[in-house]
Each structure stands twice: as C-alpha cells, then as structure tokens.
Amino acid sequence: MTDNPKRVTQTYKARQLKKLLGLKKQAKKVQAALLEISELASHCFDKEHYYFQLHEVIGSVVKAPNLFILFKGSITKKYDIHYYATQEGCLDKPDLPDSVIDVGLTGYMLRSRQSLLCNSDDYAKLIEEGEIIELGEPANSWLGVPLNLTNGDTGALVVVSYQQTLVFTQADKAILELLAEHISHSIEHMQRQSLMEREINSRTRALHQVNQQLKLEIGQQQRYQTAQKHLLELSEKFNFSNAKDALFQNFSLIANQVFELPNYIAEYDEQNKKWSYLGASAIEDINELQTYQCLNEYVSLDPQSMVLTQKEINHLIAFGAIAANEQQKLSLNKHIWLITPLQSETNNCVLLVIFKPDSEQAFVEKDTELANFLAMHFNLIAHRWQSQQSMLQAQDQLENTVNQRTQALNEANNDLQQQIEERIKVQEKLYYDANHDLLTGLPNRQLFNRKLMHAVACATMDPNHQYKVLFIDLDRFKLINDTFGHLTGDRFLVEVSNRILTCLTDGEVLARLGGDEFVILIQQSASLERAQQIAQNIINTLNASFDIDGNEIYAGCSIGITGSEQGYNKPADVLRDADTAMYQAKHKGRGRYVLFDQSLHTQLINQLNQESELRKALKEGALEFVFQPVVNLNTNEVAAVEALVRWQHPTQGMLKPADFLEMAYDTGLILQIDEQAVAHACEFLAHRDIIDDKALISVNISSRSLCDENAFDQMLEALSGIGDAVQGLILEFTERGLTDIEQCVQCFETLRNLGVRIALDDFGAGVASLALLYSGELDFVKVDAKLIHLAEDDLAQRRFAASIVAIGHEQGFIVIAEGIETELMKETAENMGCLFAQGRLLAEAVSSDEFYRRMLTDIESEDITLTNRAS
C-alpha cells in the first residue's frame with residue numbers, strides 16, 4: 001500500500017517547518033546567550049560567581065555537564081585553570097602539571113589553534129598517531145574551542161561528556177565557536193572590572209586608614225592645643241608670688257584636662273627623706289597615693305619617661321626592682337601608668353604620674369610625647385616661678401646690682417658709641433684719603449675722573465649740558481724743587497692750590513692729578529668766556545711772587561682748555577686733549593692758555609710721525625752739522641766754531657734744532673743726536689790737527705747725556721779715543737736742562753779732567769742758576785740773546801749782564817754773547833764787557849764742507865783766541 005503523495009508532501013513540509021522552527025528557536029537561544037554573556041561582565045565582579053553564571057549561560061545553548069576554562073600565559077607559559085565543574089557540581093581546581101595538560105587533548109587543541117570535536121574513535125586515533133597520551137578515563141564526546149585575550153594569553157573552553165546518550169555535534173561546535181569570541185571579551189572585561197574593584201577596595205581601605213590616622217592626629221593636635229592654651233593661661237594669669245603647691249596644683253589640673261585622666265605630682269625631699277605630693281587631680285582618695293610610693297622610688301632611680309603595664313609591673317616586682325607588698329602590688333596592677341619627670345636633679349626629683357584602669361587601651365608613644373611636651377613647658381613656667389621667688393627674696397640686692405650694672409652698661413654704651421664714632425671718622429677719613437690729595441686736600445685723580453665721567457654722561461644724554469676742563473701745569477716747579485728742596489716744594493704746591501681756589505666759585509671743581517698738575521671742571525655756566533676768564537685769573541694770580549720759608553719764588557703756569565663742544569665719550573679723551581692744549585701753551589712760551597682744537601690733535605699725530613722719521617734719519621745718518629764762528633769783537637777774527645745740528649727732512653726741507661730737538665729730548669732720541677754731535681766734533685778736531693789750526697769747536701750736548709750713566713760712559717770713551725785733541729773741544733749745556741746741579745758739577749769735573757772745556761749755554765734765558773757760576777767747573781758762559789736784547793733799554797738787566805762778566809773775570813771763565821743780529825746788540829755786548837760773540841751779524845753758519853775748505857785756504861794765526869784766554 002503506497003502513501004498518498006499529497007500526504008507525503010505535507011509530512012515533508014511539516015518536518016522542514018519543524019526544523020526551521022527548531023533552528024529559529026536555537027538562534028534565539030544563542031542570541032539570548034550572547035546578550036547574557038555581554039551583560040554578565042558588567043554586573044558580576046566576583047570571579048567564581050562569574051564563571052558559575054557563565055557555565056549556566058553556555059548550558060542554555062549547549063549541554064555541558066562537564067566544563068572547564070583555562071589559559072596559558074604568553075610570558076610565563078604557565079597554565080591557569082580559571083573554572084572547573086563536573087556534573088556533580090563545581091569542584092576545586094585540579095592540581096595538574098603543565099606537562100600533563102600539554103600532552104592531553106587541551107594541549108593538542110592549543111597547539112593546533114583550532115576548535116576540536118572528538119569522540120572515542122578520534123581519541124584513539126590521536127593516541128595512535130602520537131599527538132596525545134592517554135590519561136585517565138576517556139570521554140564519550142569531547143568539544144573544545146580556543147579563547148584568545150588581547151594581552152596575548154591563549155586559552156580553551158572545553159565541554160566533556162561521559163554519557164553514551166550525550167554526544168556533541170558540529171552544531172554545538174559552531175555555537176561554542178560563536179560564543180568563544182564574546183566569552184573572551186567578557187572574561188577580559190570581568191578581569192578589568194575585578195581589578196578595578198580590588199583597586200577601589202584597596203584605596204578605600206587606605207583612605208579609611210588615613211582617615212583614622214588623621215582623626216588620631218587631629219585628636220592629638222587638639223590635645224596639644226588644649227595644653228598650649230592652658231599653659232599660656234597659667235603663664236599669664238598665675239600670681240608667681242604664690243606658694244609652689246598652688247603652681248603644681250594648677251599644672252595637675254591642666255594635665256587632667258589634656259589627658260582626661262587622674263594624675264598626681266610627687267616630689268622627693270632629700271633632706272627629710274620622704275615623698276610629698278604637690279598636686280593631684282581626679283583622685284578620690286588622696287591617702288591612696290601612699291601605696292604608689294614604691295613606684296615613685298623605682299622611677300627616681302633613673303628618672304625618664306616610661307609607660308608601665310600590669311605585665312611590666314609584675315616583672316619588676318618579681319625581679320625586686322619595685323619593692324611592693326601585697327596591698328601595693330594589688331593597687332599597682334589595677335592601672336596602666338604613664339610617668340614623666342618634671343625635675344630630675346639628684347637631690348630633687350619631681351614626677352608627673354598619670355594612670356588609668358588596666359581595662360582600657362594602653363598608653364601609646366604619642367601620649368608619652370604629649371606628657372613630655374607638658375613637662376618641658378611647665379619646667380619653663382616653674383623656672384619663671386623660681387626666678388620670681390629669687391627676685392622677691394633678694395629684691396633690694398638685685399636693685400642695687402641692677403643700678404650698678406646699668407651704670408656699667410651706660411659707660412660701656414658710651415665707650416661703644418665713642419668707638420663707633422671713631423670708626424665712622426676713620427672710615428670717612430679713609431674714603432676722604434682715597435679720593436683727595438693728601439698734600440693739598442684737593443680731589444685727586446680718582447674723584448675727579450668720577451665727576452668728569454658724570455659730566456661727560458650728562459652731556460651725551462643732554463646736548464644742552466655743557467662743561468669745560470682746564471689743565472694746569474706749573475712752569476718752574478722742578479727747578480723750585482731742586483733749588484729749595486721738596487719740603488719747600490710741597491708748601492709751594494699748597495699755596496698754589498689756595499691761590500687757584502680764590503679764582504673759582506662754588507660748583508667749580510679743582511683737583512690735583514699729581515706733581516705740579518692741576519685740573520678744573522666747570523659745569524654751571526660752563527661758557528668759553530667763563531673758562532677763559534678763570535684761566536687768565538689763574539695765570540695772573542700765579543705770576544705774583546710766593547714767599548715760602550723766607551724765599552721769594554716766582555712760578556707761572558700754562559693752561560690747556562677743552563670742553564663738551566668736542567663731543568667726548570670718555571673722560572680719558574677729555575684729559576688727553578686738555579693736556580695737549582697745555583703743552584701747546586708751554587710750547588708757545590708758557591704763562592698763557594690755549595684752547596684745544598682738532599689741529600692740536602693733528603699736531604700730535606704729526607709729532608709722532610716726526611719721531612718715526614727722526615728715528616729713521618738717525619739710523620741712516622741723515623743729520624748734518626753746520627759751523628758758526630765765535631768772533632773776537634776787537635779783531636773780528638774767528639776764535640772758535642759752534643757745530644749746530646741740521647736735519648734735511650724729506651718733505652719739510654732743512655729743519656733747525658728748534659724744530660725737532662724738544663721732541664727728541666722728550667722721546668730720548670737726544671742721546672743719539674748727542675752721540676753724533678760728539679763724533680762730528682772729533683772729526684773736526686782731526687782736521688784741525690792736520691792744518692795745525694788753534695780754533696776750538698763747541699757742540700751742544702743735552703743734560704740727559706750727563707744723567708744717563710751708559711750715555712756718559714760712551715761719551716767719555718769716544719773722547720778718550722782722540723787723545724790730546726780733546727783739549728780743543730767745548731761741550732755746551734743749556735741752563736734749562738741742568739736740573740740736578742750737584743750731579744752736573746761732578747760730570748763737568750770728570751770732563752775737564754779729561755781736557756774738555758765746559759760752556760753754559762743760553763744763560764739768562766730762564767732763572768739764572770748762580771750756583772753754577774761759582775762751581776769752578778765752567779770755562780765759558782754764553783749769554784742768551786734775550787738777555788742782551790733786554791739790556792739794550794733796561795738798566796737793571798744791563799747791570800745783571802755786566803755782573804756775569806765780572807763774575808767770569810773773578811771765577812776764570814769767558815763770557816760770550818749769543819745771537820748778535822744788530823749793531824745795537826753788538827754795542828750792548830761790548831758795553832757789558834764781552835770780548836767774544838757770535839751771531840748772523842758777525843758770521844753766518846756754513847756747512848762743514850765749506851768750513852773745511854776755508855780752513856785750508858785761510859790759516860792765518862790769531863792774536864787773541866779762546867784757547868789762550870781760557871787757558
């Protein structure tokens with residue numbers, strides 16, 4: 001009998017529909033399971049509870065009577081079984097070695113990194129192939145899927161069946177694989193939540209501990225504040241004239257208020273050998289304190305803060321450290337003791353004893369610290385009380401002592417005040433000395449530079465701010481110093497500074513830079529007219545004679561002026577240019593002032609260039625000498641010749657001595673010129689011997705050749721080399737250059753012993769040094785043309801010139817008139833008594849070649865010569 005096709009079709013559709021309905025129902029279960037897995041990690045933080053719930057969720061979609069979850073650490077390579085449950089229920093995690101897991105189905109699955117569905121036949125095949133080792137009872141059906149965490153750990157979720165009726169299918173495998181990824185995320189989320197929960201709990205516990213500690217510290221701080229408050233009130237309000245017991249009783253009350261416990265203060269009286277109680281608080285029976293005496297005696301042996309509990313007291317009693325009878329032992333064991341010494345001297349021990357029932361919490365270290373704090377501050381108050389008592393007992397003696405000490409203190413203060421005032425004076429003097437000239441009291445270079453720097457800065461910032469600087473140099477100070485001595489020179493400088501000050505007004509600064517150099521700074525009304533007026537007043541004032549120690553002294557000055565109109569930036573440049581202008585004033589004849597302009601600076605540069613050119617000329621032998629005869633005024637015959645140096649300059653032509661000798665003297669090149677002059681003179685004397693001429697030759701020599709030891713020795717060596725011919729040589733020295741008279745006279749004597757004649761040149765051009773005229777070392781004195789010119793109309797000057805001739809007759813030297821350019825000057829020289837003279841009127845200077853030619857053609861003898869006269 002065949003089935004109805006229509007009925008068969010309906011049956012097939014029913015089966016398919018039933019199957020689809022089953023799959024839909026299964027999908028809903030899976031979807032619900034996924035949702036439960038996601039929610040499970042959000043509200044379940046306990047690990048065991050989490051896995052138990054997870055097992056139930058998995059069991060809702062796949063039958064899993066036996067289930068375990070494990071992970072292998074990516075770093076440690078160790079297995080950790082997170083969950084293990086059988087059909088009998090959750091069991092303790094089995095203690096399986098990692099090596100056992102590695103050789104089982106779980107290890108095989110993790111190595112393959114793929115899900116594994118295995119029945120008994122598959123199991124046997126894997127054993128046969130050597131992939132696994134048989135361990136324990138084989139499962140009827142085994143299903144495992146891998147779990148992977150983001151930290152690299154790998155794991156496995158495994159369900160096992162030992163029942164013949166329960167066999168896992170590929171559908172179960174697919175479901176577990178679908179759940180595996182969600183389970184991995186859920187486990188990680190649960191672990192993070194669990195870790196966070198533990199961290200929160202840990203921090204909560206820590207905060208609770210901190211809070212408890214803070215409460216304790218606040219309580220301790222409050223106790224300290226209470227102690228400080230009551231101790232301060234005791235210190236401020238207690239009448240320290242009261243008895244000691246009152247003070248200690250107040251302190252006992254403070255200890256009770258701080259600790260809220262009974263206490264007493266015991267003192268041992270060494271004299272009476274007994275304990276007395278100075279104060280007690282919150283103690284009902286005062287007589288009971290006698291039972292604690294054995295405790296006081298123990299602590300007094302080595303007074304220090306201590307806490308004694310019942311256990312410690314019993315040990316001390318057992319060791320005999322505390323001598324207590326049964327009643328005392330019973331009384332001591334009822335309490336916990338905190339003891340702090342207030343005073344611990346050998347003959348006076350005072351103890352603060354605080355106690356509480358032994359049923360309460362023992363004293364801690366902070367209690368001991370607080371008790372020590374109370375004791376320390378109370379000791380200060382007790383010392384104050386002791387001082388007050390001592391003061392009351394010896395008030396009269398103390399007042400007397402105070403009066404005596406007050407008087408001594410006043411004397412000491414007065415002495416200290418005097419020392420301070422003296423120190424201030426010393427400091428002021430040191431500052432004054434550092435900034436003022438010790439001789440004149442004027443500001444020195446250092447102070448002047450600061451004032452000048454301020455003036456330059458003001459002028460730089462404000463074009464309307466003007467200043468002027470006057471640089472003053474005395475004209476004859478060195479001569480005054482050498483003639484009258486340094487003491488007179490110092491007094492002279494003081495008088496000079498006083499005279500200059502009379503020419504200034506307030507605000508105009510006068511300073512001494514050193515030696516005979518003074519400077520003036522004008523800032524208020526610093527016009528050029530004012531600077532010129534001051535300069536002329538100073539010149540006029542200093543031209544008047546000075547009376548120093550009975551000596552009538554004349555000394556003029558030369559002044560250089562510059563100012564802000566030059567646009568200076570540095571004080572050194574101001575002083576440099578003022579100094580330059582002053583030297584220009586000296587060069588123009590002294591006794592005047594010169595305003596600085598850029599031409600003077602250019603002139604300085606020219607002088608430096610001239611110095612370089614002169615050095616080159618000396619090196620190349622470019623200097624020449626011309627000869628000017630000295631004529632006998634009676635016979636007009638040549639008695640001698642003077643060799644005068646000339647310089648054939650490459651660009652300026654022939655230069656006379658006045659054009660470069662001053663510069664040569666300043667730079668020291670004069671020594672080389674002197675050396676060449678002596679050499680030319682020696683050459684002349686050699687020619688003279690050839691033609692047997694009797695005319696002498698004179699050359700001008702600088703005084704520096706006398707003062708320079710090496711130069712003088714070289715001159716003597718050169719003169720010694722020409723033998724007797726040296727007797728025809730005259731060395732002329734200008735009056736101005738001979739500053740050290742004594743040394744010069746010694747050098748003259750040495751030269752004259754060698755045969756050289758000595759002449760004093762330009763006599764009368766400056767301050768005539770009569771000491772040289774009477775030295776006995778001069779052969780000739782050449783009167784300066786200036787003196788002869790003055791003698792033409794001035795009777796006094798004529799008499800002075802005549803006196804020089806008279807002194808020459810007396811001392812044995814010949815007077816020669818210089819610079820004779822007119823008949824009147826010649827007549828004046830003859831009236832003075834001069835037998836010899838030289839000058840352009842009498843004979844022009846000629847070159848050495850011309851002069852030698854004339855010597856060879858004109859060899860007539862002379863009736864009166866300088867040679868036989870000087871002899």
Side-chain angles (χ1 to χ4, degrees), residues 30 33-34 37 40-41 47-48 50-59 61-87 90-120 122-123 125-127 129 131-162 166-191:
V30 172
L34 291 175
I37 290 171
L40 185 62
K47 184 177 180 181
E48 293 184 359
Y50 168 81
Y51 280 112
F52 181 77
Q53 294 291 328
L54 180 64
H55 190 171
E56 288 188 351
V57 173
I58 295 172
V61 292
V62 175
K63 291 182 180 181
N66 304 292
L67 182 145
F68 66 90
I69 298 173
L70 57 75
F71 285 94
K72 184 177 183 180
S74 60
I75 298 176
T76 61
K77 304 302 180 181
K78 300 290 184 182
Y79 288 102
D80 181 14
I81 300 175
H82 286 206
Y83 181 74
Y84 188 86
T86 65
Q87 57 189 9
C90 294
L91 300 177
D92 293 336
K93 301 172 184 178
D95 186 14
L96 294 177
D98 293 348
S99 57
V100 173
I101 298 175
D102 280 335
V103 299
L105 286 173
T106 304
Y108 172 75
M109 186 196 74
L110 291 178
R111 288 195 301 274
S112 65
R113 298 175 181 262
Q114 294 180 359
S115 300
L116 177 64
L117 178 61
C118 179
N119 54 28
S120 56
D122 297 330
Y123 182 74
K125 183 178 179 180
L126 289 173
I127 292 174
E129 292 174 353
E131 295 290 345
I132 62 174
I133 298 175
E134 183 177 5
L135 296 170
E137 181 183 357
N140 181 53
S141 182
W142 193 96
L143 174 59
V145 294
L147 300 175
N148 296 308
L149 302 182
T150 56
N151 64 356
D153 292 353
T154 57
L157 187 153
V158 180
V159 292
V160 183
S161 172
Y162 294 97
L166 177 59
V167 176
F168 301 118
T169 65
Q170 290 294 333
D172 295 330
K173 176 182 175 185
I175 291 172
L176 283 185
E177 287 177 343
L178 179 63
L179 296 180
E181 183 176 357
H182 290 76
I183 291 172
S184 297
H185 292 319
S186 179
I187 289 174
E188 287 184 328
H189 187 65
M190 180 275 298
Q191 289 177 342

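The model shown is predicted, which means the values in this text are computed figures rather than measured ones. Residue indices begin at 1 and follow the sequence shown.
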Least distance between heavy atoms, [X] atom then [Y] atom:
X: Ile175; Y: Val61; answer: CG2-CG2, 3.9 Å
X: Ile81; Y: Pro94; answer: CD1-O, 3.7 Å
X: Leu117; Y: Asp122; answer: O-OD2, 3.7 Å
X: Leu67; Y: Ile69; answer: CD2-CG1, 4.0 Å
X: Gly104; Y: Ile132; answer: O-CG2, 3.6 Å
X: Ala180; Y: Val145; answer: CB-CG2, 4.0 Å

Applying side chain to side chain contact (heavy atoms under 4.5 Å, CB included), run through Val160 and Phe68 and close with a yes or a no.
CA-CA 9 Å; Val160 183; Phe68 66 90; 4.3 Å; yes
Could you tell me whether the side chain of [Y] reaches within less than 4.5 Å of the side chain of [X], counting heavy atoms only?
X: Leu105; Y: Leu116; value: yes
X: Asn66; Y: Val159; value: no
X: Ile127; Y: Ile133; value: no

Give, for atom [atom1] of [X] and atom [atom2] of [Y], the distance between the pair rounded to the nearest 0.5 Å.
X: Lys63; Y: Leu166; atom1: NZ; atom2: CG; result: 6.5 Å
X: His185; Y: Ile187; atom1: NE2; atom2: CD1; result: 11.0 Å
X: Leu157; Y: Met109; atom1: CG; atom2: CE; result: 8.5 Å
X: Cys118; Y: Lys173; atom1: SG; atom2: NZ; result: 11.0 Å
X: Leu176; Y: Leu147; atom1: CG; atom2: CG; result: 9.5 Å
X: His82; Y: Lys47; atom1: NE2; atom2: NZ; result: 4.5 Å

Please step through side chain to side chain contact (heavy atoms under 4.5 Å, CB included) for the pair Leu96 and Tyr84, ending with a clear verdict.
CA-CA 12 Å; Leu96 294 177; Tyr84 188 86; over 6 Å; no
Please tell me whether Ser186 and Tyr50 have a donor and an acceptor in their side chains that are separated by less than 3.5 angstrom.
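Yes, because at least one side-chain N or O of Ser186 sits under 3.5 Å from a partner of the opposite role on Tyr50.
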Hydrogens and angles aside, do Tyr108 and Asp102 bring a side-chain donor and acceptor to less than 3.5 Å of each other?
no
Heavy atoms of other groups near [X] [atom1], more than 12 under 6.0 Å:
X: Glu48; atom1: CD; value: no
X: Glu177; atom1: CD; value: yes
X: Arg113; atom1: CZ; value: no

For Leu149, does its backbone N or O pair with a side-chain atom of Ser184 as donor and acceptor, under 3.5 Å?
no
Any sub-3.5 Å donor-acceptor pair from Asp153's side-chain atoms to Ser74's backbone N or O?
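Yes; at least one donor-acceptor contact below 3.5 Å.
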Derivation of the side chain to side chain contact (heavy atoms under 4.5 Å, CB included) call for Thr106 and Leu70:
CA-CA 9 Å; Thr106 304; Leu70 57 75; 4.0 Å; yes
Evaluate the criterion side chain to side chain contact (heavy atoms under 4.5 Å, CB included) for residue pair Asn140 and Asn119; output intermediate values, then yes/no.
CA-CA 6 Å; Asn140 181 53; Asn119 54 28; over 6 Å; no
Fit a plane to each ring of Tyr83 and Tyr51, take the angle between them on a 0 to 90° scale, and name the class: parallel (under 30°), tilted (30 to 60°) or perpendicular (over 60°).
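Parallel, since the angle between the ring planes stays under 30°.
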